[in-house]
> 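Submitted below is the structure of interest, expressed as structure tokens.
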Amino acid sequence: MIDTGYLFSKDSSRIFINTCLGCTGQCAYCYLGKMGYDNKRTVSPVKKAEDLIQELEEKVKFSKETLITLGCFSECWDENNKQETIKLIKYFLKRGNQIQLSTKKQVSVQEIEQFKDLINYLGQLVILVSSATISGWKEFEKGTDSPEKRFKTFEVQKSLPIPTVLYMKPVLKSVTIRDVDLYKQVIKAYNLHDIVVGSIFGEKETDETVHFSNKRELFYNPISEETTIKQSLRQINGLRVFSRSTEAMHFYKEKYKEEER
Ligand code: SF4
């Protein structure tokens, strides 16, 4: 067990890593404020990847089966911390770990070509492109890359063995559902194979608390519109619709294991 903000892990199954704490994305629904971090102006000093790795190696028992999750208290692809995120990705790819990176920034093909020779299987590194609204971007996600810009990240899977997933999370009541047709256009334009339709984190106590904290302050607060959205998206041929990012990660890991047998 480790909980420094920069590093969080309950057990060896999953480690959450942030190279800084706080974000300038200014999302209206962001949970960072409830966790004691700023989501408007300030971020903490960036931690060096080497220091985080050393701390992990000293304090946490993990193996190559441990899922690495980058960025739950930060935007891991900001200009100030991107280079440290890149070093972490290289380190964990070499170790054989599966890595998920969630972002509202554009990740370009040129930036991640450097990982190509380190990837052992399709889905060892997965990029989740977060978006809770398209038409309401300026109102709800005003400090992030525009949807148009961030969706260019989906170009990655055309030329590299790195799945890019549309991360429709959190589903915002009466907001996200308005854009289902726009999302369908994005799915078609980029020929996407995977989408995660995920719940908002809120203070209403439910069976499932967030996985990056032990404090039981935030919980999955699903709404019925998620089911409606998923039903609509399941009409698209060949599209896999998940409810959790870990389900998408599991899909690729199992596919790889199946091929290895
Ligand atoms: S990008 Fe993520 S961490 Fe940053 S403000 Fe938006 S929801 Fe919060």
Side-chain angles (χ1 to χ4, degrees), residues 1-47 52 55-56 59-62 66-78 81 85 88 99-104 128 130-133 136 139-144 167-176 196-227 229 242-250:
M1 163 81 201
I2 188 166
D3 184 3
T4 67
Y6 292 95
L7 299 170
F8 180 83
S9 157
K10 287 180 190 169
D11 54 44
S12 62
S13 63
R14 192 175 186 187
I15 300 173
F16 293 86
I17 307 178
N18 292 279
T19 45
C20 68
L21 301 170
C23 178
T24 55
Q26 303 173 56
C27 299
Y29 51 80
C30 183
Y31 54 82
L32 286 193
K34 291 176 190 131
M35 309 296 289
Y37 305 118
D38 188 19
N39 82 325
K40 291 186 176 58
R41 262 170 241 99
T42 49
V43 296
S44 72
V46 175
K47 274 248 189 187
L52 289 167
E55 200 175 351
L56 267 180
K59 297 184 183 159
V60 182
K61 279 202 170 83
F62 65 101
T66 306
L67 173 63
I68 305 300
T69 299
L70 296 173
C72 58
F73 299 143
S74 60
E75 166 57 72
C76 55
W77 212 252
D78 264 334
N81 59 356
T85 300
L88 287 171
I99 306 161
Q100 62 178 107
L101 181 154
S102 310
T103 183
K104 287 194 181 86
L128 296 120
S130 311
S131 172
T133 171
E139 186 182 351
F140 292 94
E141 299 175 344
K142 64 180 174 186
T144 64
Y167 200 19
M168 195 191 273
K169 178 175 186 299
V171 172
L172 303 175
K173 195 167 184 327
S174 308
V175 173
T176 309
V196 177
V197 179
S199 310
I200 195 160
F201 298 147
E203 283 152 324
K204 188 174 142 214
E205 201 160 329
T206 61
D207 290 344
E208 193 174 4
T209 185
V210 293
H211 298 272
F212 48 75
S213 167
N214 265 345
K215 299 191 178 107
R216 290 192 64 78
E217 290 168 338
L218 283 178
F219 301 85
Y220 283 79
N221 284 176
I223 58 172
S224 61
E225 287 172 9
E226 290 166 35
T227 309
I229 293 171
F242 302 101
S243 302
R244 297 278 187 274
S245 63
T246 46
E247 290 172 6
M249 300 306 291
H250 185 71

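Remember, it's a predicted structure, so these values are computed and weren't measured experimentally. For this chain, numbers begin at 1 and follow the sequence in order.
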> Would you name the heavy atoms of Tyr6 and Thr19 that are closest together and state the gap between them?
CE2-O, 3.7 Å

> At what distance, to the nearest 0.5 angstrom, does CG of Leu56 lie from CD1 of Ile68?
7.0 Å

> When rounded to the nearest 0.5 angstrom, what is the spacing between CG in Leu70 and CD in Gln100?
8.0 Å

> If you round to the nearest 0.5 Å, how far is SG of Cys27 from CG of Leu32?
9.0 Å

> So which atom in Cys20 and which in Ser74 form the shortest heavy-atom distance, rounded to 0.1 Å?
O-CB, 3.1 Å

> With a 4.5 Å heavy-atom cut-off, do Glu226 and Met168 have their side chains touching?
no

> Looking at Phe201, is Lys169 sitting on its ring face, NZ or CZ under 6.0 Å from the six-membered ring centre and within 45 degrees of the normal?
yes

> Whether the side chain of Thr66 engages the backbone of Ser12 through a donor-acceptor N/O pair (distance < 3.5 Å, no angle test) should be reported.
yes

> Tell me if the NZ atom of Lys142 is crowded by more than 12 foreign heavy atoms within 6.0 Å.
no

> Locate the shortest heavy-atom distance separating Phe219 from Lys204; write the atom from each residue and the value.
CB-O, 3.3 Å

> Do you know the tightest heavy-atom contact between Asn18 and Leu52?
O-CD1, 3.9 Å

> Is there a side-chain contact between Phe62 and Ser9, using heavy atoms and a 4.5 Å cut-off?
no

> Is a side-chain donor or acceptor of Thr144 paired with a backbone partner of Lys104 at a separation under 3.5 angstrom?
no

> Is His211 close to Thr246 at the side-chain level, that is, under 4.5 Å between some pair of heavy atoms?
no

> Kindly say whether Leu21 contributes a backbone atom to a donor-acceptor pair with the side chain of Ser44 at under 3.5 angstrom?
yes

> To the closest 0.5 Å, what do you measure between OH (Tyr167) and OG (Ser131)?
12.5 Å

> Strictly distance-based, threshold 3.5 Å: is any side-chain N or O of Glu217 a donor or acceptor partner for the main-chain N or O of Met35?
no

> Nearest 0.5 Å, what's the NZ-SG distance between Lys40 and Cys23?
10.5 Å

> Determine, stepwise, if the pair Thr69 / Met249 fulfils side chain to side chain contact (heavy atoms under 4.5 Å, CB included).
CA-CA 10 Å; Thr69 299; Met249 300 306 291; over 6 Å; no

> May I ask you to test the Asn214-Lys10 pair for a side-chain heavy-atom distance under 4.5 Å?
yes

> Using side chain to side chain contact (heavy atoms under 4.5 Å, CB included), reason through Asn81 and Glu75 one step at a time and then give a plain yes or no.
CA-CA 8 Å; Asn81 59 356; Glu75 166 57 72; 5.7 Å; no

> From Tyr220 OH over to Thr209 OG1, what is the distance, rounded to the nearest 0.5 angstrom?
9.0 Å

> Go through Arg244 and Ser199 one step at a time and tell me if the side chain to side chain contact (heavy atoms under 4.5 Å, CB included) criterion holds.
CA-CA 9 Å; Arg244 297 278 187 274; Ser199 310; 4.2 Å; yes

> Compare every heavy atom of Asn39 with every heavy atom of Cys30, then report the nearest pair and how far apart it is.
CB-ND2, 3.0 Å

> Check Ala132 against Glu141 and note the closest heavy-atom contact, atom names and distance.
N-OE2, 3.0 Å

> Do the non-hydrogen side-chain atoms of Val60 and Leu7 ever get within less than 4.5 Å of each other?
no

> Show, in sequence, the C-alpha distance, side-chain angles and deciding distance for Ser213 and Leu218, and conclude whether the side chain to side chain contact (heavy atoms under 4.5 Å, CB included) test is met.
CA-CA 8 Å; Ser213 167; Leu218 283 178; over 6 Å; no

> Answer with yes or no after comparing the ring centroid distance for Phe16 and Phe73 against a 6.0 Å cut-off, counting only values under it.
no

